[in-house]
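Here it is, the structure in full.
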Amino acid sequence: MTPSQISLVRSSFELVAPIALQAAQLFYAHLFQADPSLRSLFRGDIEQQGERLMVMIGRAVQMLDRPQMLVPALRALGARHDGYGVQASHYATVGAALLKTLSLGLGAAFTPEVAQAWTAFYGLVSRCMLEGVEQRLAA
Ligand code: HEM
């Protein structure tokens with residue numbers, strides 16, 4: 001990600017932060033509409049899960065300029081997701097639901113540049129998470 005993409009992701013995430021819980025609910029609604037079979041992977045309370053998701057995205061956003069800390073944390077998160085029954089193909093569905101949620105949550109602030117910056121962010125996060133799965137399989 002370029003420095004300007006990092007700052008776009010940070011400033012737009014700050015705009016979503018006050019409505020994080022609604023954003024998370026909207027995200028799961030989009031996700032389960034896109035693929036209803038994913039619903040059964042979530043065993044815990046979905047509201048609490050939404051909170052965890054937003055906290056984790058917020059942490060990743062903060063750590064974008066500290067890849068030496070971010071990459072291992074995302075690999076570990078990815079390895080845990082393998083244990084939740086998440087498959088590599090699910091990442092694209094989740095990415096699309098995330099982008100759709102951001103576009104609704106940000107409205108006019110969701111410019112093409114912001115969309116591109118979030119696409120780059122999600123690409124980075126999902127690549128690192130999937131690396132964590134490969135490492136787990138190789139171990
Ligand atoms: C940006 C990428 C993602 C982030 C930041 C993220 C974040 C999280 C976090 C923080 C947790 C809490 C448990 C833990 O820390 O291990 C979690 C659990 C979970 N995530 Fe994700 N996740 C991502 C992608 C995905 C994808 C692609 C799926 C596929 C459907 C998924 C499905 C799940 C499931 C099923 C659980 C367990 C929930 C439960 O036990 O009820 N996540 N996720």
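Atoms within a ligand are numbered from 1 in the order they appear, just like the ligands themselves.
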### Message
With nothing but distance in play, are any N or O atoms of R80 less than 3.5 Å from an N or O of ligand 1?
### Response
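Yes.
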### Task
Assess whether atom CD of E47 is packed by more than 12 heavy atoms of other residues, nucleotides or ligands within 6.0 Å.
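No, the 6.0 Å shell around CD holds no more than 12 heavy atoms from other groups.
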### Message
Check this for me: does any side-chain nitrogen of one of D45 and R52 sit under 4.0 Å from a carboxylate oxygen of the other?
### Response
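Looking at R52 together with D45, the answer is no, because their closest N to O distance does not fall below 4.0 Å.
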### Query
Just which atoms of ligand 1 are under 4.0 Å from any heavy atom in G44?
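This gives 39 (C), 41 (O) as the contact atoms.
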### Task
List every atom of ligand 1 that sits less than 4.0 Å from any heavy atom of V125, numbering the atoms from 1 in the order shown and giving each element.
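The list of qualifying atoms is 1 (C), 2 (C).
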### Query
Under 2.8 Å from atom 21 (Fe) of ligand 1, protein N/O/S atom count?
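Excluding waters, the total comes to 1.
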### Query
Do the rings of Y91 and H81 sit parallel, tilted or perpendicular, given the 30° and 60° boundaries?
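Ring orientation, 0 to 90° scale: tilted.
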### Query
Do the side chains of M69 and I57 join up, straight or via other hydrophobic residues, at under 4.5 Å, putting them in one cluster?
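Same cluster: M69 reaches I57 through Ile, Leu, Val, Met, Phe, Trp or Tyr contacts under 4.5 Å.
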#### Entry: ligand 1 contacted by Q87 (non-hydrogen, < 4.0 Å)
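In this structure, Q87 fails to qualify as a contact of ligand 1 - no heavy atom is under 4.0 Å.
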### Task
Consider only side-chain heavy atoms of I, L, V, M, F, W and Y, link residues closer than 4.5 Å, and tell whether L77 and V55 are in one cluster.
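No.
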### Shared hydrophobic cluster, L99 / L64 (ILVMFWY, side-chain heavy atoms < 4.5 Å)
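In one cluster: yes.
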### Query
Nearest protein heavy atom to atom 35 (C) of ligand 1, by residue and atom, and its distance?
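Result: L41 O, 3.4 Å.
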### atom 34 (C) of ligand 1: nearest protein contact (heavy atom, Å)
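Answer for atom 34 (C) of ligand 1: F42 CE2, 3.5 Å.
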### Task
Please could you name the atoms of ligand 1 that Y91 approaches to less than 4.0 Å, counting only its heavy atoms?
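By the 4.0 Å cutoff, the relevant atoms are 27 (C).
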### Message
Evaluate F32 against F27 for ring pair (Phe, Tyr, Trp, His ring centres under 6.0 Å), listing each step before the verdict.
### Response
CA-CA 9 Å; F32 300 143; F27 164 78; 8.2 Å; no
#### Entry: Pair Y28 + F42: ring centers closer than 6.0 Å
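Ring centres of F42 and Y28 closer than 6.0 Å.
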### Message
Can you give me the closest heavy-atom contact between A73 and M63, atom names plus distance?
### Response
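Of all heavy-atom pairs spanning A73 and M63, the closest is CB-CE, 4.5 Å.
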### Query
Quick one: nearest non-hydrogen protein atom to atom 2 (C) of ligand 1, plus distance?
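Minimum-distance protein heavy atom for atom 2 (C) of ligand 1 reads M129 SD, 3.6 Å.
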### Query
Is there at least one pair of N or O atoms, one from R43 and one from ligand 1, spaced under 3.5 Å apart?
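Yes, there is a polar N/O contact under 3.5 Å.
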### Task
Report whether V16 and L21 are members of the same hydrophobic cluster (ILVMFWY, side-chain heavy atoms less than 4.5 Å apart, transitive linking).
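Different hydrophobic clusters.
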